[in-house]
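What you see below is based on every heavy atom in this structure, not just the backbone, and it leaves out hydrogens, waters and symmetry mates. Letters A, B, ... mirror the listed sequences (proteins, then strands); counts begin at 1.
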Amino acid sequence: MLTRDFFNRPTMKVARDMLGAVLIHNSPAGKTAGIIVETEAYLQGDPACHASRGKTRRNAAMFGPPGTAYIYLVYGIHCCFNTVTMPTGTGEAVLVRALEPLEGLELMKRRRGIADVKGLCSGPGRLCQAMGLDRQYNGMNLSSPSLYIQQGAVPESIVTTTRVGISQGQQLPYRFYIAGNRWISRK
DNA sequence: CCGAGGATCATCT
DNA sequence: GATGATCCTCGGT
């Protein structure tokens with residue numbers, strides 16, 4: 001299991017090193033797991049980072065200790081899952097944007113309301129729905145038996161691009177994904 | 001395959 | 001009162 005020491009490092013490193021790791025959720029409904037294949041870094045002083053304009057009710061979890069989950073609602077419908085990084089109080093985090101489904105695919109499909117695995121966890125909102133992650137997990141520490149991240153295979157090659165869906169800081173190369181992976185949210 | 005448009009609501013100003 | 005770190009559907013190619 002990846003613990004606080006892993007997350008208590010520079011956010012860009014954590015964002016890259018999370019690729020290949022496995023996100024696991026043991027819920028009452030069953031176990032689901034997926035390989036992290038796409039991430040984005042959100043840094044201090046970065047206009048796209050929710051914490052860049054100070055602490056508010058929504059982003060309070062970002063100011064918690066490294067390894068804290070930050071889960072919030074976007075567009076009134078979908079959740080996004082982040083892991084808090086760096087020394088406590090900087091408000092930096094890594095957004096998980098896509099998973100390669102590994103375990104509990106039937107449960108994932110049921111939660112998503114789809115019959116095919118196509119795009120099952122490809123996108124921040126989709127993966128939260130498939131994994132059963134919602135705001136009740138906001139602020140939870142990731143070294144918990146029900147929600148944690150495990151070390152996985154180190155990717156052969158990582159692609160760096162600009163981030164998706166933001167209006168500020170669009171030119172910053174803070175998105176990472178496993179080269180050639182079929183489950184990323186978009187090329 | 002691709003782009004446009006709409007859904008939907010907690011949080012922030 | 002405005003705004004999203006999104007996704008689905010639908011219509012056109």
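Other residues sharing the hydrophobic cluster of A/Val154, ordered by chain and number and joined by side-chain separations under 4.5 Å: none, the residue standing alone. Other cluster members for A/Leu107: none, since no ILVMFWY side-chain heavy atom sits under 4.5 Å from it.
Against DNA chain C, the stretch residues 37-71 of chain A makes heavy-atom approaches under 4.0 Å through A/Tyr42, A/Ala48, A/His50, A/Met62.
For A/Tyr148 and A/His25, the gap between ring centers reaches or exceeds 6.0 Å.
Applying the side-chain hydrogen bond (donor to acceptor under 3.5 Å, both in side chains) rule to A/Gln136 yields no partners; only residues at least two apart in sequence or on another chain are considered. With sequence neighbours left out, the side-chain hydrogen bond (donor to acceptor under 3.5 Å, both in side chains) criterion links A/Thr90 to no other residue. With sequence neighbours left out, A/Tyr174 forms a side-chain hydrogen bond (donor to acceptor under 3.5 Å, both in side chains) with no residue at all.
Sorted by first and then second residue, the pairs that involve residues 112-127 of chain A and meet side chain to side chain donor-acceptor pair (under 3.5 Å), not counting sequence neighbours, are A/Arg112-A/Gln129. The side chain to side chain donor-acceptor pair (under 3.5 Å) pairs that include a residue from residues 91-101 of chain A are A/Thr11-A/Glu92, A/Glu38-A/Arg97, A/Arg97-A/Ser185, A/Glu100-A/Asn181, where partners are two or more places apart or lie in different chains.
Counting 5' to 3', DNA chain B first comes under 4.0 angstrom of a heavy atom of chain A and last does so at the ends given by B/dA7 to B/dC12.
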A correct dot-bracket answer for DNA chain B, with pairs being Watson-Crick or G-U at under 3.5 Å, [ ] for crossing pairs and | for inter-strand pairs, is |||||||.||||.
So which protein nitrogen or oxygen atoms get under 3.5 Å of nucleotides 7-10 of chain C's nitrogens or oxygens?
{"unit_1": "C/dC7", "atom_1": "OP1", "unit_2": "A/Pro124", "atom_2": "N", "d": "3.4"}
{"unit_1": "C/dC7", "atom_1": "OP1", "unit_2": "A/Gly125", "atom_2": "N", "d": "2.9"}
{"unit_1": "C/dC7", "atom_1": "OP1", "unit_2": "A/Arg126", "atom_2": "N", "d": "2.9"}
{"unit_1": "C/dC7", "atom_1": "O4'", "unit_2": "A/His78", "atom_2": "NE2", "d": "3.3"}
{"unit_1": "C/dC8", "atom_1": "OP1", "unit_2": "A/Arg112", "atom_2": "NH1", "d": "2.7"}
{"unit_1": "C/dC8", "atom_1": "OP1", "unit_2": "A/Arg112", "atom_2": "NH2", "d": "3.3"}
{"unit_1": "C/dC8", "atom_1": "OP2", "unit_2": "A/Arg126", "atom_2": "NE", "d": "3.0"}
{"unit_1": "C/dC8", "atom_1": "OP2", "unit_2": "A/Arg126", "atom_2": "NH2", "d": "2.6"}

Listed pairs under 3.5 Å, donor-acceptor, residues 66-82 of chain A side chains, sequence neighbours left out:
{"unit_1": "A/Thr68", "atom_1": "OG1", "unit_2": "A/Pro65", "atom_2": "O", "d": "2.5"}
{"unit_1": "A/Tyr70", "atom_1": "OH", "unit_2": "A/His50", "atom_2": "ND1", "d": "2.7"}
{"unit_1": "A/Asn82", "atom_1": "ND2", "unit_2": "A/Tyr70", "atom_2": "O", "d": "3.1"}

